[in-house]
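Structure first, commentary second.
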Protein chains: 2
Amino acid sequence: MRADAQRNAEKLRAAAAELFQERGLQVPLKEIARRAGVSHGTLYNLFGTREALIDEVVTDLAAERLDAIAQQALAFEDAWDGFAYYIEKLCELQATDPAVADVVGGRYPGAERLMTVCGRTLATVERIVERARQAGTLRPDFTSADLVLILAANANLARAAAASAPHVWRRAVAFQLDGLRTEAARRPLPVGPLTPEQVYAVSGSLTRNP
Amino acid sequence: MRADAQRNAEKLRAAAAELFQERGLQVPLKEIARRAGVSHGTLYNLFGTREALIDEVVTDLAAERLDAIAQQALAFEDAWDGFAYYIEKLCELQATDPAVADVVGGRYPGAERLMTVCGRTLATVERIVERARQAGTLRPDFTSADLVLILAANANLARAAAASAPHVWRRAVAFQLDGLRTEAARRPLPVGPLTPEQVYAVSGSLTRNP
DNA sequence: AGGCAACTTGACCGCAGGGTCAACTTCCAT
DNA sequence: ATGGAAGTTGACCCTGCGGTCAAGTTGCCT
């Protein structure tokens with residue numbers, strides 16, 4: 001790869017990182033090229049697809065954030081505290097970091113590195129949930145698949161309230177967590193948990209893609 | 001108004017009602033015209049704006065649905081049961097009726113009749129919530145303004161899961177309701193309720209408009 | 001029946017986004 | 001220093017949306 005192409009790729013990566021974090025992963029590619037100061041043709045030439053660019057620019061960032069909160073959650077002595085911490089932090093990411101929110105709430109099958117990060121995260125979620133359930137504080141009918149229900153809820157509230165009430169998602173999360181303790185469980189849930197395939201399908205359209 | 005215009009208006013109203021209920025209020029106007037079998041120019045000629053069409057076609061439908069569940073909710077002996085019924089039915093509407101979902105989750109300032117329906121509904125919500133809170137079953141820190149938090153949550157889950165798990169919203173609502181009982185309340189909520197202005201702003205962008 | 005107002009039509013405009021490619025420019029190995 | 005490969009550019013195409021309007025058609029009153 002020639003030196004000037006290398007430089008352009010770097011400029012594009014930088015611009016993409018900025019815009020992805022400011023406005024989410026669906027930001028127009030031409031706008032990224034504009035901010036980088038190159039033609040959009042060059043962007044297509046160097047990266048080919050949006051997903052390839054995402055994979056290069058967003059993966060490490062998302063992995064860092066997601067792994068960090070997962071580790072901290074598991075470090076709590078109290079299993080419930082760890083669980084609640086994890087939920088809150090994940091929701092905070094959704095509210096404050098459009099790029100990570102889209103990683104969590106979208107599907108980018110072409111971004112291979114990103115997909116492995118998602119897989120790793122799912123496994124950790126399972127551990128956090130299982131630990132809290134076994135401790136007896138998390139209601140036993142809550143599955144790790146139910147996490148996407150919370151994320152679906154929060155994604156929309158965070159988006160809808162971003163301009164007018166940027167912190168109100170915390171209130172909603174508090175309500176939700178109160179409903180997840182063992183003592184809060186009243187009667188059998190009306191429907192069973194999502195299957196892994198359903199989790200995949202639903203979590204792939206949490207943030208608006210169409 | 002000439003007879004043929006009258007007929008066309010009727011065809012357009014019918015097509016609009018169908019498409020609004022199938023696909024929501026943002027369905028392309030040209031598609032409505034196509035289904036009605038007239039030129040889109042005629043649609044613009046007869047109705048002028050999307051909101052005018054909505055006002056004529058959707059208002060009565062939405063009013064009927066919303067008033068019905070509100071009345072039934074207030075008819076429950078038990079205040080909590082009425083409240084829970086209302087939440088569930090509202091969420092069911094969001095999940096099954098795209099048109100009503102968009103009425104609840106959007107803003108159509110040009111649709112005057114529709115606006116009065118919304119105002120009336122808000123007042124009834126207040127009564128349902130107040131009744132359940134005074135009965136002592138609904139946690140006292142829950143405000144009628146918090147209803148939009150639930151609706152925001154459900155709007156997105158219903159949309160995201162519509163294809164793959166069309167009933168899972170019931171599970172999420174069950175979790176949420178369990179968190180709203182007085183006994184579930186653990187500690188002060190991290191942020192206060194939305195102001196009326198914030199409710200207006202947030203509830204205006206529950207469903208995707210941009 | 002005729003004529004005019006009312007109505008309809010579809011081509012057309014503007015916008016925004018994704019994506020392609022021939023012609024031009026720049027780098028760098030020889 | 002120079003020629004050819006590598007890279008860049010921006011005009012161009014396509015799609016789909018909202019919206020307008022001159023020209024043509026139709027209903028209805030006289």
Side-chain angles (χ1 to χ4, degrees), chain A residues 1-16 18-20 22-58 98-99 102 106-111 205 207-210, chain B residues 1-16 18-20 22-58 98-99 102 106-111 205 207-210:
Chain A
M1 190 184 230
R2 241 165 59 178
D4 54 343
Q6 199 79 52
R7 256 179 285 127
N8 282 336
E10 208 38 67
K11 280 193 278 185
L12 282 165
R13 269 187 280 263
E18 277 179 37
L19 280 167
F20 283 154
E22 285 169 22
R23 317 216 328 241
L25 300 185
Q26 11 58 35
V27 78
L29 292 183
K30 289 188 182 176
E31 201 157 328
I32 294 176
R34 205 178 311 136
R35 181 169 302 192
V38 304
S39 157
H40 65 273
T42 299
L43 191 158
Y44 284 104
N45 180 29
L46 292 177
F47 294 94
T49 69
R50 160 179 250 107
E51 287 186 0
L53 184 56
I54 289 175
D55 209 21
E56 284 201 32
V57 159
V58 171
D102 282 345
R107 197 88 312 149
Y108 304 91
S205 53
T207 52
R208 60 189 181 327
N209 3 343
Chain B
M1 190 182 231
R2 238 166 61 178
D4 55 343
Q6 199 78 50
R7 257 179 285 127
N8 283 336
E10 208 37 66
K11 282 193 276 185
L12 282 165
R13 269 187 281 263
E18 276 179 38
L19 281 166
F20 283 154
E22 284 169 23
R23 317 219 326 244
L25 300 185
Q26 10 58 38
V27 78
L29 292 184
K30 290 188 183 179
E31 202 157 326
I32 293 176
R34 205 179 311 138
R35 181 169 302 193
V38 304
S39 156
H40 64 273
T42 300
L43 191 157
Y44 284 104
N45 180 30
L46 292 177
F47 295 95
T49 68
R50 160 179 250 106
E51 287 185 0
L53 185 55
I54 289 174
D55 209 19
E56 284 201 32
V57 158
V58 171
D102 283 345
R107 197 86 314 148
Y108 305 90
S205 52
T207 53
R208 61 197 184 319
N209 7 342

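Here is the naming used below: chain letters follow the sequence lines, and residue numbers restart at 1 for every chain.
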To the nearest 0.5 angstrom, please state how far the CG atom of B:L43 sits from the CZ atom of B:R50. 9.5 Å

Over how many whole Å does the gap from A:K11 atom NZ to D:dG7 atom C1' extend? 13 Å

To the nearest Å, how far apart are B:R7 CZ and C:dT8 C1'? 12 Å

pair B:T42-B:L46: side-chain heavy atoms closer than 4.5 Å: yes

Contacts of B:D4 and A:A9 projected onto DNA chain D by closest heavy atom; the upstream (5') one is A:A9

I need the residues from residues 40-50 of chain A with at least one non-hydrogen atom less than 4.0 Å from DNA chain C; give them sorted by number, or say none. A:H40, A:Y44, A:R50

Find the distance B:L25:CG to D:dC17:C1' and express it as a whole number of Å. 17 Å

Measure the distance from CD on B:Q6 to P on C:dT8 and round it to the nearest whole Å. 11 Å

Could you pull out the closest heavy-atom pair between A:F47 and A:A52, with the gap in Å? O-CB, 3.3 Å

Check this one for me: any side-chain N or O of B:N8 less than 4.0 Å away from OP1 or OP2 of C:dT8? yes

Scan residues 27-38 of chain B against DNA chain C and write down, sorted by residue number, each residue with any heavy atom closer than 4.0 Å; if none is found, say none. B:V38

Correct closest heavy-atom pair for A:E51 and A:Y108 would be OE2-CA, 3.5 Å

For B:R7, salt bridge (charged side-chain N to carboxylate O under 4.0 Å, His left out) partners two or more places apart: none

Enter the distance from A:K11:NZ to A:Q6:CD here, rounded to the nearest 0.5 Å. 12.5 Å

Between atom OG1 of B:T49 and atom OH of B:Y44, what is the distance when rounded to the nearest 0.5 Å? 9.5 Å

Considering only distance and modelled atom types, tabulate donor-acceptor pairs under 3.5 Å from the side chains of residues 23-41 of chain A, sequence neighbours left out.
residue : atom : partner : partner atom : Å
A:R23   : NH1  : A:E31   : OE2          : 2.5
A:R23   : NH2  : A:E31   : OE2          : 3.4
A:Q26   : NE2  : A:R23   : O            : 3.4
A:Q26   : NE2  : A:D102  : OD2          : 2.9
A:R35   : NH1  : A:E18   : OE1          : 2.6
A:R35   : NH1  : A:E22   : OE2          : 3.0
A:R35   : NH2  : A:E22   : OE1          : 3.3
A:S39   : OG   : A:G41   : N            : 2.9

List every contact pair, protein side and nucleotides 2-6 of chain C side both N or O, where the distance is under 3.5 Å.
residue : atom : partner : partner atom : Å
C:dA6   : N3   : B:R2    : NH1          : 2.6

Rounded to whole Å, how long is the line connecting atom CD of B:E10 with atom C1' of C:dT8? 18 Å

For DNA chain D, what is the dot-bracket line, given that a base pair needs Watson-Crick (N1 to N3, plus N6-O4 or O6-N4) or G-U wobble (N1-O2 and O6-N3) geometry with both distances under 3.5 Å, and | means paired with another strand? ||||||||||||||||||||||||||||||

